[in-house]
Amino acid sequence: MTEFSSGESHVLVLQGGGALGSYQAGIYETLAAEAIAPDWVAGISIGAINAALIAGNSPERRVERLKAFWEQVSSGVMGSPWFPGEQARAAFNEASANWIATVGVPGFFKPRFPPATLYPPGAPEALSYYDTAPLKATLERLVDFDLINEGRTRLSIGAVNVRTGNFVYFDNRCDRITAEHIMASGALPPGFPPVTIDGEQYWDGGIVSNTPLQYILDEERTRDLVVYQVDLFAARGPMPRTLIESAEREKDIRFSSRTRLNTDKNLEARRAKAAFRRLAEKLPPELMSDEDVAYLRQVTHANFTTVMQLIYRRKAYEGNSKDYEFSRATMLEHWAAGAGDMRRSLRSPAWCDRVHDETGVAVFDLTRDARD
């Protein structure tokens with residue numbers, strides 16, 4: 001067993017999930033309060049927007065800019081639930097979501113007028129119910145894209161090419177990031193239109209994969225990593241009882257993170273690497289200079305990966321519209337839940353006393369018992 005190094009690279013991984021994304025903002029607020037600054041932020045959909053707000057501002061302004069964004073997009077429904085109790089709250093949330101679907105979200109999207117069905121096939125306006133021009137203006141106001149492209153904090157965002165169906169990551173290590181890249185990652189059809197970048201059109205990366213974790217693990221094979229994986233849909237959940245609950249459960253499963261699958265694959269790859277390193281020690285001296293052996297020794301370098309998994313767990317009154325229910329009351333609840341989950345996880349003895357084991361991978365889900 002090996003103690004964790006203070007030289008680890010900290011990575012914040014943000015899943016897509018629309019209105020649930022204020023949970024991620026609460027997570028970051030606690031990280032900032034604990035003076036934990038991510039070296040690398042990766043996101044998809046709303047996670048890409050939060051990631052841009054973090055990487056595109058100086059550390060002392062990040063929480064302020066996250067608050068400015070989430071206060072703006074939640075300003076369309078400023079009221080509070082009319083009566084106490086889960087049934088009243090469920091009715092309030094549903095009414096709020098219906099209002100948002102009708103009039104849009106301030107600084108994010110607005111209904112297309114004339115509607116998409118009145119445009120001829122092939123027209124850009126014929127491909128979506130909403131216009132996301134307000135989001136472009138919001139991003140350009142709240143995000144310093146010159147700072148992003150200086151590369152002080154690495155930023156990676158996922159999208160899918162509409163024409164080829166291939167998943168693509170835009171990364172400020174090799175791409176010049178603009179507002180269009182962030183919008184492409186969150187262009188979920190048929191609500192939002194595809195975004196054109198360098199002659200290709202892109203949709204929301206969550207169509208293919210709703211978490212950038214595998215990209216992180218594939219990209220970094222030498223430095224030790226501490227990954228804060230923030231998921232907005234829980235893979236686990238109760239058996240649905242109604243059509244509405246069935247729709248919600250299907251959405252949770254479809255968009256929940258593949259963290260466990262990625263971790264299992266990573267463990268198997270690390271076992272293979274460890275086996276080769278042991279084998280290399282047994283090779284005769286004349287084989288040590290072989291090109292194939294030299295290459296395998298290079299790519300099987302051991303690095304440690306620690307994943308803290310933080311998952312937003314639904315409340316009983318939330319339904320299938322939870323990812324587009326942008327009321328101020330719900331936004332504040334999600335934010336507080338993220339901040340609280342992060343505090344509890346950082347203070348957990350399991351986290352504070354963690355050590356490396358021989359597999360090189362450790363996964364912590366430190367809020368599950370309290371919720372499940």
Side-chain angles (χ1 to χ4, degrees), residues 4-5 7-17 21 24 27-28 31 36-56 148 151-160 166-175 177 181-182 184-186 204-233 235 255-270 272-273 299-311 342 345 351 354 356 359-365:
F4 278 59
S5 166
E8 295 160 322
S9 180
H10 291 259
V11 187
L12 183 59
V13 176
L14 304 176
Q15 188 189 69
Q24 297 170 341
I27 293 285
Y28 182 77
L31 284 174
I36 299 173
D39 306 291
W40 186 358
V41 189
I44 290 174
S45 198
I46 197 66
I49 294 175
N50 283 329
L53 289 163
I54 293 168
I148 286 177
R152 299 181 191 178
T153 300
R154 186 172 181 181
L155 174 66
S156 307
I157 51 179
V160 60
N166 291 334
F167 198 89
V168 176
Y169 274 97
F170 300 113
D171 194 312
N172 65 348
R173 281 200 171 179
C174 52
D175 301 297
I177 303 298
H181 293 85
I182 311 304
S185 183
D204 192 308
I207 295 173
V208 174
S209 175
N210 203 31
T211 177
L213 179 61
Q214 188 59 51
Y215 178 76
I216 302 298
L217 299 179
D218 289 342
E219 280 285 298
E220 183 54 70
R221 297 175 181 270
T222 56
R223 291 195 303 170
D224 293 349
L225 297 175
V226 177
V227 179
Y228 304 94
Q229 161 87 12
V230 189
D231 296 347
L232 300 178
F233 295 94
F255 288 124
S256 63
S257 168
R258 300 175 185 177
T259 303
R260 178 52 56 193
L261 173 63
N262 291 336
T263 303
D264 290 344
K265 290 174 61 179
N266 198 43
L267 281 169
E268 188 60 32
R270 288 176 182 277
K273 289 181 180 181
V299 299
T300 58
H301 173 80
N303 70 312
F304 295 103
T305 300
T306 308
V307 179
M308 178 192 284
Q309 190 171 12
L310 298 120
I311 306 173
M342 189 78 253
S345 296
W351 180 256
R354 68 193 189 279
H356 285 307
T359 67
V361 179
V363 180
F364 297 84
D365 182 356

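- Pairing each heavy atom of Ile148 with each of Ala52, the nearest pair is CD1-O, 4.0 Å.
- For Asp39 (side chain) and His10 (main-chain N/O), a donor-acceptor pair under 3.5 Å exists by modelled atom type.
- Checking side-chain atoms of Asn210 against main-chain N and O of Gln15 turns up no donor-acceptor pair under 3.5 Å.
- In this structure Ser185 satisfies the side-chain hydrogen bond (donor to acceptor under 3.5 Å, both in side chains) test with no other residue, sequence neighbours excluded.
- Taking each heavy atom of Asn50 and Gln24 in turn, the nearest pair found is ND2-OE1, 2.9 Å.
- Looking at Ile44 and Asp204, their side chains come closer than 4.5 Å, going by heavy atoms from C-beta outward.
- Between the Ser209 side chain and the Thr211 main chain, a donor and an acceptor come within less than 3.5 Å of each other.
- Val307 and Gln229 make their closest contact through CG1-CB, 4.0 Å (heavy atoms, listed as atom of the first residue, atom of the second, distance).
- Leu225 and Glu220 get closest at one heavy-atom pair: CD2-CG, 3.6 Å.
- Nearest heavy atom pair, residue Val226 against residue Arg354, reads CG2-NH2, 4.4 Å.
- To the nearest 0.5 angstrom, Leu14 atom CG is 9.5 Å from Asp231 atom CG.
- Aromatic ring orientation, Phe233 versus Phe255: tilted (interplanar angle from 30° to 60°).
- Ile46 contributes atom CD1, which lies 11.0 Å from atom CD1 of Ile182 (distance to the nearest 0.5 angstrom).
- Ring pair Trp351/Tyr228 is tilted by interplanar angle, where 30° to 60° counts as tilted.
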Run the side-chain donor-acceptor check on residues 151-158: report pairs under 3.5 Å with partners two or more places apart or on a different chain.
residue	atom	partner	partner atom	Å
Arg152	NE	Glu150	OE1	2.9
Arg152	NH2	Glu150	OE1	2.9
Thr153	OG1	Arg62	NH2	3.1
Arg154	NE	Asp171	OD1	3.2
Arg154	NE	Asp171	OD2	3.0
Arg154	NH2	Asp171	OD2	2.8
Arg154	NH2	Glu219	OE1	2.8
Ser156	OG	Trp40	NE1	2.9
Ser156	OG	Asp171	OD2	2.8

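- Considering all non-hydrogen atoms of both residues, Tyr169 and Pro212 come closest at OH-CA, 3.0 Å.
- Distance CG/Leu232 to CG/Leu310: 10.5 Å, rounded to 0.5 Å.
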